[in-house]
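Values reported hereafter were calculated over all heavy atoms of this structure, with side chains retained and with hydrogens, waters and symmetry mates removed. Residue numbering restarts at 1 for every chain, and letters A, B, ... go by the order of the sequence lines.
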Number of protein chains: 2
Amino acid sequence: MPVLPDYFKISNKIQEDVKRGKLKPGDKLPSIAELCKQHDVSPSTIRLVFVRLEALEVIDRHQGKGVYVTDPATWMRKP
Amino acid sequence: MPVLPDYFKISNKIQEDVKRGKLKPGDKLPSIAELCKQHDVSPSTIRLVFVRLEALEVIDRHQGKGVYVTDPATWMRKP
DNA sequence: CCACATTTGTCCGTATGTATC
DNA sequence: AGATACATACGGACAAATGTG
């Protein structure tokens, strides 16, 4: 059984939280700095998580604002 | 019009090559070092491309061997 | 079996830019 | 104007898998 890398485990965890409704569409994720502390990893690793989750359309990233759980409702007309 | 980042443009280009049949399922991509030269970026950027394309299930990565275009036929019993 | 080179993999820390508040 | 937060990109250290001799 392969040991999953950090960026994989973290993005899986976030995906799980979304599936379980712990994170809902439109919710804002903690800041990068916060996620670094929570998982004890560097900003670069969190960035990998974001690139992956963005490709999977789980999150939307907004420079200067934050990272949000994808909301199909506000998908087309982004604020 | 937003200027797309390098890792985005490169992964889009590879996706295009796959769609157009220039790259076919099972094909091996150039090495990271090679892709660095071709696009004049660092290895880190190419890795970002791979993380994205892997999430999109466009490629399969095999440590020590290479990176291949996803082939549904050989998906389960990898060579 | 062992040694070695090649290749990919993970993770880190940092510099700089840009959008938002 | 200043603080905060995300975005992009780089380069390096070290690990792990593969293939070859």
Side-chain angles (χ1 to χ4, degrees), chain A residues 1-15 18 23 25-71 74-75 77-79, chain B residues 1-15 17-18 23 25-71 74-79:
Chain A
M1 194 133 79
V3 173
L4 297 178
D6 290 354
Y7 80 89
F8 222 93
K9 286 189 288 191
I10 298 173
S11 61
N12 280 352
K13 187 190 173 303
I14 294 178
Q15 274 195 91
V18 171
L23 281 173
D27 279 1
K28 185 176 184 295
L29 267 61
S31 74
I32 291 180
E34 188 58 38
L35 290 170
C36 287
K37 279 189 216 161
Q38 283 180 20
H39 298 96
D40 194 35
V41 293
S42 78
S44 314
T45 299
I46 298 299
R47 178 164 137 65
L48 284 181
V49 171
F50 286 175
V51 166
R52 182 174 162 79
L53 288 179
E54 183 180 53
L56 295 172
E57 295 188 349
V58 172
I59 57 170
D60 290 309
R61 302 149 79 198
H62 298 280
Q63 188 170 355
K65 289 182 66 178
V67 176
Y68 299 82
V69 177
T70 299
D71 187 349
T74 47
W75 223 25
R77 39 174 181 104
K78 295 182 184 176
Chain B
M1 191 138 74
V3 172
L4 297 177
D6 290 354
Y7 81 90
F8 222 92
K9 286 189 288 191
I10 298 173
S11 63
N12 280 351
K13 186 189 173 307
I14 294 178
Q15 272 195 92
D17 287 350
V18 171
L23 283 174
D27 279 1
K28 186 177 184 296
L29 268 62
S31 74
I32 292 179
E34 188 60 38
L35 290 170
C36 287
K37 282 187 214 159
Q38 283 179 20
H39 298 96
D40 194 34
V41 294
S42 78
S44 316
T45 299
I46 299 297
R47 296 242 158 72
L48 226 42
V49 171
F50 286 173
V51 167
R52 182 173 161 80
L53 289 179
E54 183 180 52
L56 295 172
E57 294 188 349
V58 172
I59 57 170
D60 289 311
R61 303 150 78 198
H62 297 281
Q63 189 170 353
K65 288 182 65 178
V67 176
Y68 299 82
V69 177
T70 299
D71 187 349
T74 48
W75 222 28
M76 319 201 63
R77 39 177 176 104
K78 297 178 185 175

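Within residues 39-49 of chain B, the residues approaching DNA chain D are B:V41, B:S42, B:S44, B:T45, by heavy-atom distance under 4.0 Å.
Look at CG on A:L29: it is 13 Å from C1' on D:dA5, rounded to the nearest Å. Between A:F50 atom CZ and D:dT8 atom P the separation is 12 Å, expressed in whole Å. Here the C1' atom of nucleotide D:dC6 and the OH atom of A:Y68 are 11 Å apart, to the nearest Å. In this structure, A:I32 places its CD1 atom 13 Å from C1' of C:dT18, rounding to the nearest Å. Remark: C1' of C:dT20 and NE2 of A:H62 are 12 Å apart, rounded to the nearest angstrom. In this structure, A:I59 atom CD1 and D:dA7 atom P are separated by 8 Å, rounded to whole Å. The NZ atom of A:K28 sits 13 Å away from the C1' atom of C:dA19 (whole-angstrom rounding). Whole-Å rounding puts the A:L4 CG to C:dC11 P distance at 10 Å.
The side chain to side chain contact (heavy atoms under 4.5 Å, CB included) test applied to B:K28 returns B:Y68, not counting sequence neighbours. B:K9 pairs by the side chain to side chain contact (heavy atoms under 4.5 Å, CB included) definition with B:L4, B:D6, not counting sequence neighbours. Scanning for side chain to side chain contact (heavy atoms under 4.5 Å, CB included) contacts around A:V69 gives A:V18, A:L23, A:D27, A:L29, with sequence neighbours left out. The side chain to side chain donor-acceptor pair (under 3.5 Å) test applied to A:K13 returns A:D17, not counting sequence neighbours.
OP1 or OP2 of D:dT8 sits under 4.0 Å from a side-chain N or O of A:R61. Phosphate contact (OP1/OP2 of C:dT10, side-chain N/O of A:Y7, threshold under 4.0 Å): present.
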Protein N or O to nucleotides 14-17 of chain D N or O, pairs below 3.5 Å:
residue, atom, partner, partner atom, Å
D:dA16, O4', B:Q63, NE2, 3.2
D:dA16, N3, B:Q63, NE2, 2.9

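Rounded to 10°, the helix from C:dC2-D:dG21 to C:dC21-D:dG2 has 10° between the axis fitted to its first five pairs and the one fitted to its last five.
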Donor-acceptor contacts under 3.5 Å from residues 39-56 of chain B side chains, at least two apart:
residue, atom, partner, partner atom, Å
B:H39, ND1, B:L35, O, 3.2
B:S42, OG, B:S44, N, 3.4
B:R52, NE, B:S11, OG, 3.4
B:E54, OE1, B:R61, NH1, 3.0

